[in-house]
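Comments concern the structure below.
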Amino acid sequence: MAGLLDKRRQNREEASIPTAGMADIAFLLLIFFLVTTTINVDTGIGMTLPPKLKPEQTPPPVKERNLLKILVNAQGDVLVEEERARVGEIRDRVKKHVLNFGQDSDLADSPDDAVISIKTDAQTPYSTYIEVLDEVWMSYREIWDRIAQTNRLPGPEGGTAGLDQQYSSYREYYTSLEPEEDNKIRDAFGAQISIAEPDTGE
Amino acid sequence: MASQKFERRSSSTEPEFTTASLPDIVFMLLIFFMVATVLRETDIKVRTQLPQAEALTKIDQKRLISKVHIGPLKRGENKGSTAIQIDDALIENRRTIRQIMYRKLQEQPKLIVSLKVDRDSEMQIVNEVQQELREANALRINYSSNREGPPPS
């Protein structure tokens, strides 16, 4: 009896799990994850808020000529230095202000002194505010683009920006930076954009 | 002569690709996508249609970000009143923002607050949140916005 069983076992083929369907299952899962994946990187306009002032502190004084005031009202109208302006004009106004190098007595002494102040009304639409802020940042971006392309700082003195090579744009330079590396363009030519204190209901 | 040559070349077995390693390749892709997938962990209760901008910066380090959603409450078709949501909870009292942000700043000193504000919001609420952030000394902020392109319908 035992011998008979042994014989049967010997004849039997080795049991195996069919793996042909494995690829199909894997494909199905793959397609599910492909469809559900959104590789989204958070993008936005970075800002640094001014630190909270102590009650006895007064905001640091800024010379009138160095300040470029941009006001946005509830209707989304823009005032640049008390004059009506279109949003599209801001970029050139900011550039002219920042790259004045003391020539025009109403504009900034030097890029380091220049401050762009954006003030909004309580009812200003957020999208208009972002539009204005974007224009101001873009004018700095365009200046930085030029520095990255020419490796020279703007202005009468000029001088080298100290980059190791020339880049096609600021973005290219920025992406080439290591995480700990200093951003030489921004160190040499920083942007001072201030969000004005909102009126407290006076 | 010529026909003989051709005959000799053709083999009896059908040429085939080996598909044995196909599951391996597929699994590798699968694992990549499983790892890369981030399932949304919070349920966003306010509508945030982000504005569009050009001068964008990317935030690569996801763990530095803390998101603040500001926008009208999602209530079916009609728009609700504007509300603030941090993580999972709606903020009832705006004064609590400073405590929440202060606690977050203790855990992550390099905190970046990503403001996801609906484009139709008014500046008042944004200013209020910013004042709260200043109270908490969470000064690095980011106005979350999308790349400029055709406006989403």
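Note on naming: letters A, B, ... go to the chains in the order of the sequence lines (proteins, then strands), and numbering restarts at 1 for each one.
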For a side-chain hydrogen bond (donor to acceptor under 3.5 Å, both in side chains) check, start with the C-alpha distance between A:Tyr170 and A:Asn183, then their side-chain angles and the critical distance, and finish with the verdict.
CA-CA 10 Å; A:Tyr170 171 70; A:Asn183 187 332; 2.9 Å; yes
Apply side-chain hydrogen bond (donor to acceptor under 3.5 Å, both in side chains) to residues B:Ser144 and B:Lys116 and explain how you reach the verdict.
CA-CA 5 Å; B:Ser144 195; B:Lys116 293 195 176 282; 3.1 Å; yes
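Using bins of under 30°, 30° to 60° and over 60° for the plane-to-plane angle, the ring pair A:Trp144/A:Trp137 lands in the tilted bin. In this structure, A:Tyr173 and A:Tyr167 have perpendicular ring planes: the angle between them is above 60°, well past the 30° mark.
Heavy-atom distances place the side chain of B:Ile65, and not its backbone, under 4.5 Å from chain A. Heavy atoms closer than 4.5 Å to chain B are found in the side chain of A:Ile195, but not in its backbone. Contact of B:Val117 with chain A is made through backbone and side chain together, with heavy-atom distances under 4.5 Å. Residue A:Leu133 touches chain B through its side chain alone, counting heavy-atom pairs closer than 4.5 Å. Only the side chain of A:Ile130 comes within less than 4.5 Å of a heavy atom of chain B; its backbone N, CA, C and O stay farther away. Looking at A:Phe27, the atoms closer than 4.5 Å to chain B (heavy atoms on both sides) sit in the backbone and in the side chain alike.
Counting heavy-atom pairs closer than 4.5 Å to chain A, the top residue among B:Pro51, B:Ala138, B:Ala55 is B:Ala55. Counting heavy-atom pairs under 4.5 Å between each of A:Thr128, A:Ile31, A:Leu30, A:Thr48 and chain B puts A:Leu30 at the top.
Between A:Arg91 and A:Asp134, none of the side-chain N atoms (NZ, or NE/NH1/NH2) sits under 4.0 Å from a carboxylate O, so this pair counts as no salt bridge. Ion pairing between B:Lys104 and B:Glu107 fails under the 4.0 Å rule for side-chain N and carboxylate O.
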